[in-house]
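When a residue number appears, it is its place in the shown sequence, counting from 1.
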Amino acid sequence: MKVGYKLMAEIFDPKEIVRQAVAAERAGFDFVEVSDHYHPWLYSHKHSGFAWSMLAAIAVQTERIELATGVTCPFMRYHPAIIAQAAATTAVLSDGRFVLGVGSGERLNEHVTGQGWPSVRVRHEMLREALEVIRLLWEPGYHSYEGKYVTVDDARVFDLPDRSPQIVVAAGGDRSAALAADLGDGLFVTEPLSELVQGYRDAGGSGPLYAEVPMSYSSDRQAAITSAHEKFRFGLTGWKVQAELPNPINFEAATSAIRESDIAEAMPCGDDQSAMVQAAQQFSDAGFDHLTLLNAGPDVDGFLELAAGGLIDEVRALG
């Protein structure tokens, strides 16, 4: 079992994200995972720095910890040729410690370039072509590609790492789990659903299984609940809602009926380490072996101290 720390780039400014990554390495985490958004989810978030700049800064300020995007949509807002170059450069800067997490995106981020928002079926087709392009451009030499949605004309990524980064594909259903098995090196989810693991394995997938485990740390339980409600209530809306709404104002409306009591039931809040381990246990029991701890609480450094003091070891022992 590997244990990671979620860098919530919608909640903290870019310098603080880099500081937290360095602190996470000191605390003993195996990897950090940073969100790649253009917009934050809610009004209370107020940030959304450029993930690739933060990853570069983290790469040169750390020595051991692995880095991952959680996750990047490698089409529409980006062209996959650019993501191929960005991921290769990040892998070089980090001496091979980078994992490219990808998914079919959220309208929240991808609509900003004015290309519209395709159906999920089309997005999966676009993701498939994007991954083919990225794999192609990680091979030496010049390459061209002519797909239904993606075109590459005589492109070459000059700075390639000694070993290509792993690609971990986000999935919320059987179709995307099969795509992860076909073109990815691993699976990424946000719910402890063993059926996604099984679908990935049935489709031939044999790589690492990543999942995010939400929790909210504070020595004051009510403060932890209030903070999680402010920062993470969007997480209770589910993937179908998260993928389709265009702006924070829409998520404010979609989450207006979510109460603090709903948050308290959905994730461990407070400083009860055993409750946090039990939350992680659900994901371990479902088959996941790379667990990212997401702290929606108000005390970042207190959570990192808790992690260093035994939480990481207890979660790691689940595997």
Side-chain angles (χ1 to χ4, degrees), residues 2 4 21 30-36 50-60 62-105 109-110 113 123-171 176-188 200 203-210 290:
K2 288 192 174 184
D30 298 305
F31 64 94
V32 290
E33 171 203 315
V34 64
S35 46
D36 184 356
F50 187 54
W52 297 95
S53 296
M54 293 183 282
L55 284 164
I58 293 166
V60 299
T62 56
E63 297 178 354
R64 172 195 56 81
I65 200 165
E66 294 181 355
L67 321 177
T69 48
V71 293
T72 291
C73 178
F75 55 87
M76 294 190 69
R77 176 169 50 113
Y78 298 120
H79 190 285
I82 302 303
I83 294 302
Q85 183 187 36
T89 298
T90 305
V92 170
L93 288 171
S94 63
D95 295 318
R97 291 181 284 130
F98 178 64
V99 173
L100 177 60
V102 300
S104 56
N109 306 299
E110 308 311 321
T113 57
R123 297 201 308 271
H124 283 161
E125 292 176 2
M126 296 172 79
L127 178 59
R128 176 174 290 277
E129 290 191 6
L131 294 181
E132 290 176 352
V133 165
I134 291 168
R135 295 282 193 197
L136 181 66
L137 290 175
W138 283 349
E139 296 294 329
Y142 286 89
H143 302 281
S144 296
Y145 180 97
E146 188 71 38
K148 184 176 181 180
Y149 303 101
V150 178
T151 300
V152 174
D153 181 24
D154 206 23
R156 176 181 176 182
V157 176
F158 277 81
D159 290 290
L160 294 170
D162 294 335
R163 182 179 63 183
S164 296
Q166 285 191 316
I167 299 177
V168 177
V169 181
S176 49
L179 192 152
D182 186 18
L183 289 178
D185 301 302
L187 180 71
F188 178 96
Y200 173 71
S206 59
L209 303 166
Y210 285 75
H290 284 64

What is the distance from atom CG of D36 to atom CH2 of W52, rounded to the nearest 0.5 Å? 6.5 Å
Please determine which of L67, T62, T89 meets the side-chain contact (heavy atoms from CB on, under 4.5 Å) test together with S94. L67
Over all atoms of both residues, closest heavy-atom pair of L187 and Y200: CD2-CB, 3.9 Å
Can you label the angle between the F31 ring and the H290 ring as parallel, tilted or perpendicular, going by 30° and 60°? tilted
For H143 and V133, what are the C-alpha separation, side-chain angles and deciding distance, and is it a side chain to side chain contact (heavy atoms under 4.5 Å, CB included)? CA-CA 9 Å; H143 302 281; V133 165; over 6 Å; no
Grab the two heavy atoms, one from C73 and one from E110, that are nearest each other, plus how far apart they are. CB-OE2, 3.4 Å
Which atom pair, heavy atoms only, marks the closest approach of A170 to G103? CB-CA, 4.2 Å
For side chain to side chain contact (heavy atoms under 4.5 Å, CB included), just list the numbers for D153 and S144, CA-CA rounded to whole Å, side-chain angles, deciding distance to a tenth of an Å, and then say yes or no. CA-CA 5 Å; D153 181 24; S144 296; 4.2 Å; yes
Which atom of A84 lies closest to which atom of L137, heavy atoms considered: CB-CB, 3.9 Å
What's the separation between atom OG1 in T72 and atom CG in N109, rounded to the nearest 0.5 Å? 10.0 Å
Minimum heavy-atom separation for F75 to S104, with atom names? CZ-O, 3.6 Å
Decide yes or no on side chain to side chain contact (heavy atoms under 4.5 Å, CB included) for V34 and L55, but give the supporting numbers first. CA-CA 8 Å; V34 64; L55 284 164; 3.8 Å; yes
Per the side chain to side chain donor-acceptor pair (under 3.5 Å) rule, what does the pair list look like for residues 125-142, sequence neighbours excluded? R121-E125, E125-Y149, R128-D182, E132-Y145, R135-D185
Spatial distance of atom CG (L100) from atom OG (S164) [nearest 0.5 Å]: 11.0 Å
Whether the side chain of R97 engages the backbone of A59 through a donor-acceptor N/O pair (distance < 3.5 Å, no angle test) should be reported. yes
Distance from F188 atom CZ to E33 atom CD, nearest 0.5 Å? 4.0 Å
Check S176, P74, P80 against L127 for a side-chain contact (heavy atoms from CB on, under 4.5 Å) and give me the one that passes. P74
Correct closest heavy-atom pair for A178 and A203 would be CA-CB, 3.8 Å
Whether over 12 other heavy atoms sit under 6.0 Å from D154 CG: yes
Spatial distance of atom CD1 (I83) from atom CG (L131) [nearest 0.5 Å]: 11.0 Å
Y78 vs F50 aromatic rings, parallel, tilted or perpendicular, using cut-offs 30° and 60°? tilted
Less than 4.0 angstrom from a charged side-chain N to a carboxylate O is my criterion; do K2 and E66 meet it? yes
How many angstroms lie between atom CE of M54 and atom OG of S35, to the nearest 0.5 angstrom? 7.0 Å
